[in-house]
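The block underneath contains the structure these notes are about, expressed in structure tokens.
Convention: sequence-line order gives letters A, B, ...; per-chain numbering from 1.
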Amino acid sequence: MMPFRRTPSSTSSGGAGRSLNSFRAQLTILMVALVAAAAGTLGWLAYDTAHDSIKQDALLLVATAADARELALVSLLERQQARAENFLSNISAACQPAQAEQIDCMRRLLSDFAATEQLKAARLKVAGIDSPVSLGAASPPTAALQAEQLAWLQSGPDGAGYWVLAAQDDLRLALFYRLEAINQIFRGGKGLGRSGEVFLADPHGFFVTPPRHAEPSGASRPIEAEPMRLCLAGRDDEMLAADYRGVEVIHGFRHVPAIGGGCIMAHIETAEALAPVAVLRQESLLIAVAFSGAALLAAGALARRFAQPVDKLTQRVRALQSGDFDSPVPREGPAELRLFAASLEQMARSLRESQMRNQAVLQNALDAVVGMDAEGRVSDWNAQAEVIFGWKREEALGQPMQELIIPERYRESHVRGLAHYLGTGEHAVLNRRIEITALRRSGEEFPVELTVTPLREDSGHFFYAFVRDLSEVKRAQAERGRLQRLGMTVNNNATSALFLMDARQHCTYMNPAAEKMTGFTLAEVQGRPLHEFVHYLHPDGRPYPIQDCPIDRALPQNNQERGEDVFIHKDGRFYNVAFTASPIIDEGEPVGTVIEVHDITEEKRQQKERQRAQERQSFLMEASTLLAESLELEGTLGRVARLAVPRFADLCSVRILQSERELPPLAVAYADSAKEAWVEQLLGALTPDPTLGFGAAEVIRSGTSQLIPEVSGAMRQALVRSYPALEPAVKELGLVSMMAVPMKSGGQLLGVISLATTAVSGRRFDQDDLAFAEEFARRCAAAVENARLFQQVQEGVRLRDEFLSIASHELKTPLTPLQLQVQTILRRAAQLTRDDEARQWLEQRLATLQRQGERLNRLVDELLDISRLARGRLQLNLETVELAAVVNEVVATLHSQGEMDRHGAQVSVSVEPGIIGQWDRLRLEQVIINLLTNALKYGEGSPVTITGRAQGEEATFTVADKGMGIPEAHQQRIFERFERAASATHYGGLGLGLYIVHQVVSALGGSIAVQSAPGQGAAFTVTLPLSGPASSSAEGEEQ
Amino acid sequence: MKAEKTILIVDDDPDIRETLGEFLGYEDYAAVTASNGREALERLREGSKPCVVLLDLMMPVLDGFEFLEIRQQDPALAAVPVIVISAGSQALKSLSGVEFFPKPLDVERLLAALSRYC
């Protein structure tokens, strides 16, 4: 911590200077009065005395003035003294307690002080401690002196409490005076005139203060003039002599013992000294004396009345100049001065306000403000300048501006330009905005915008530069440019069409995708309503008013609009679009609309295509289902034709070819049901004309598909020529498009499907439709082929049945006389022979014949039954039948035919009597016969039982044997056709018995079940509803 | 011989006509034969009064169905009972009201039936 601080404030030092000046001013007034008085007196004296005596008087005056002049020195020394005293008190305050440390402390403080005061040497003697200090190195010319000074300092004048400081500053050399002595010397001194001055030499003859008119180089040389040596030696003198310029000067020398032998010198140019004397006349001597007295009085009064207030005012004005607006203006002296002071205060106030305003403006200006004087030094530097350039105000002020803020390479031209302006008044950059590169403290260069304004002030040229840092602006510009380029790149490469409209729906922008989509260039559309270019018509030709347009509605309603619509290309074609129109609102103001548009024509087409494909797929599926549902061809094709209309065509006709001959259309469907019958009739009457060259007739001729996308007038004429009957239809229906496709199977043409569109839909067929129609025809062809095959099969079955029927008839016919003959012989046997043996023999043979005949008859019946059952055409003749009666009859018949005997089996019947049902007697017999013969056949001679009973609404009877039985695995199979559990080799028969039983029982609404195990016999149980089959469906047609 | 027990046998097969006639003869029936429907009509219109007509269906010239139709329309003939004998079983539906015996004939049942008419 430094106990001493020099007060560096320029204000306070300036204040000291001014107070000195004002003192001087007062003094000057006084001096002027004194000189006037003295000169008047001297002039009066000189008038009567000789020239030499006048000079002597002048010399005296000079001596007196020299004394007075030195009073100035006192003030300086007083200041030094004040500082020193302050220093000392600080020392005693800071370095109290221990003496040993006190010296060190004082040395350190003194050293600090000396450094601050730029002292070369100092001597300190406080409280008995005598400690000379040498500070710094002496410069060569003063080395000797330094040593002497040190010697002096060390020997020093005696006496406690004195201090000495040696400085090399405004006094240049040593000031080592005992203050007491100096004060004695200079107290009460007088002044000199314009050319007069007083100066001091030290005991060695060096000037303490150099004379104004001394030789320039002799500043630090000892004065070697004779009078000076005498003066230093102790003799005072006055003399007249020419100085180095050759001007006659009056010199005065005074020895100063008090400072160790120095000399005070004073001189004044003789001419000046004598001038007042010369102009005075004797007559005016009295007036001069009086005037001098008055002047003296007036001077005193003025000094009191005016000089002091004026001096205060002057001080105040200076303070104003330096910016001190706050101190009050003294209101002293006469009224005029007070008035002046008042207006001065007024002025100060307004000046202060304007200054404050200016200062505030400058300091707070967004621009940096840099002031520069004519020498290129910074004279002003506001806060923003600090920010921009990085130099503090106090660092910048007074510095060469170019070095602070101008990049090195421009400095020379700056200096040249400044010099040129100062020399010629011409300038290239003043008072206009320029952009240049500036330099920051960090060395960074950056762009600025500046305006330089020259100011001509009293004190010279000034320049004010208003500087704006453009680096942010430039950066922002670059960023904006980059973003703009990026935006443009995005826009230019976007696949979406982008439009911008202003608030009046006028186009302001289109990207390349939009230009491509609309066919217009931006230049064609820009500034005009977009709607009028791309959206003015509906596809059907109706005008599209702009007020209906959702895109143009987006902005006024401040609502994002999305949707699909149809636009018009420049070439007039329509295309489907999906759009999004978004209003642009800027700070609450609707400014425009941005519209993003996609051409979805292709999408729509694909969607339609998909839908169409789907429709066709479902159509084909439905058609296939229909075609598969029935083998009955005509109705099916009719339904299929109807399916195609109107989904696929307006008119569909299906023709089937039969052995190279075209049949009338099997099916005709027309979209307008009111005209369908008429169209069908017309088409039905047609015979295809192979010379027509197109359509169905051509398909029949060539076997290839026909597609006529658009039926031409010539074609219509040809149609009418070939088919005159069609003329009204051709005219009325408005045939548009036609297709005819062959139905082929295995390379054979089965038929033709003709499809047409008329005015009903106005649709045109294309290749796609043709391909689809061909697929449709393929399926129809397959169905036709299937139906044909089915018909053939049916025909085959019919032929077989017919054959079987005839065959059975023909087989049975010879059986009939055979049977009758056997019966006749049997019945006649007893009459024919009385020989019992022979008769028995005969009867046995006849019985065999009859049995075999019966068997043959049953086989034939079975064959017939099979063909009937296969077609589900079992015919039932329901009648009221009593179960027990039928069973007994069958048993009796078989018995009479010797069946039981042949198998060696006992048949016992136990059927409840009175079980009556609605049954087919013959079929019921057949069931019982089949079951019974089976039981006899497979029962291997075991007893066979037939039991029967009623159970609710049903009758149940069981035929059981105790034979070989049926393995479980065969138990279901045995009811199928041509199946049997036992091998065919061992057991004869067609294997149809149980199948027929099963079929008959089912036809009667009943069921049959078997219960059996190998070796344990089999029991077949038939259950029949008493009321017969549930429906009469069993009564199918026989043929 | 009991003349009143006359049976008209209508069949195109001469063997059937003959054997059936012989068989019935042994059963004390007098048999008149015709080889088709037209002959049968002629026999009836000539004055034969059979107690029953045994009628085959499949015959040339005039078959059994046609004979039945004509008989149905002739009140004089309609009263004559008819038993259809046929090797086929077709078109039985249209023969409602007429007794049917399939060929070969179950002679026991045939005799039982005949005995109801004669």
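By the 4.5 Å heavy-atom criterion applied to side chains, A:Leu820 and B:Val107 are counted as neighbours.
Scanning both residues, B:Ala87 and A:Thr813, for their nearest heavy atoms gives CB-OG1, 3.8 Å. Across every non-hydrogen atom of A:Lys812 and B:Lys103, the tightest pair is CD-O, 3.2 Å.
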What's the verdict on side chain to side chain contact (heavy atoms under 4.5 Å, CB included) for A:Arg827 and B:Phe23, showing C-alpha distance, side-chain angles and the deciding distance? CA-CA 9 Å; A:Arg827 284 171 185 271; B:Phe23 175 79; 3.2 Å; yes

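In this structure, A:Gln906 places its CD atom where only 12 or fewer heavy-atom neighbours from other residues, nucleotides or ligands lie under 6.0 Å away. The environment of CD in A:Glu889 is crowded: more than 12 heavy-atom neighbours from other residues, nucleotides or ligands sit within 6.0 Å. In A:Glu795, the CD atom is crowded: over 12 heavy atoms of neighbouring residues, nucleotides or ligands sit closer than 6.0 Å. Counting heavy atoms of neighbouring residues, nucleotides and ligands inside a 6.0 Å radius, atom CZ of B:Arg38 does not exceed 12 of them.
In terms of heavy-atom pairs under 4.5 angstrom with chain A, the leader among B:Glu18, B:Glu27, B:Arg17, B:Glu22 is B:Glu27. Counting heavy-atom pairs closer than 4.5 Å to chain B, the top residue among A:Leu815, A:Ile825, A:Thr816 is A:Thr816. Your options are A:Glu810, A:Gln819, A:Gln823, and the one with the most heavy-atom pairs under 4.5 Å with chain B is A:Gln823.
By the salt bridge (charged side-chain N to carboxylate O under 4.0 Å, His left out) test, A:Glu843 pairs with A:Arg839, sequence neighbours left out.
Looking at B:Asp15, the atoms closer than 4.5 Å to chain A (heavy atoms on both sides) sit in the backbone and in the side chain alike. Within the 4.5 angstrom heavy-atom criterion, only side-chain atoms of B:Leu111, from C-beta onward, approach chain A. Contacts between A:Gln850 and chain B at a heavy-atom distance below 4.5 Å are absent for every atom of the residue.
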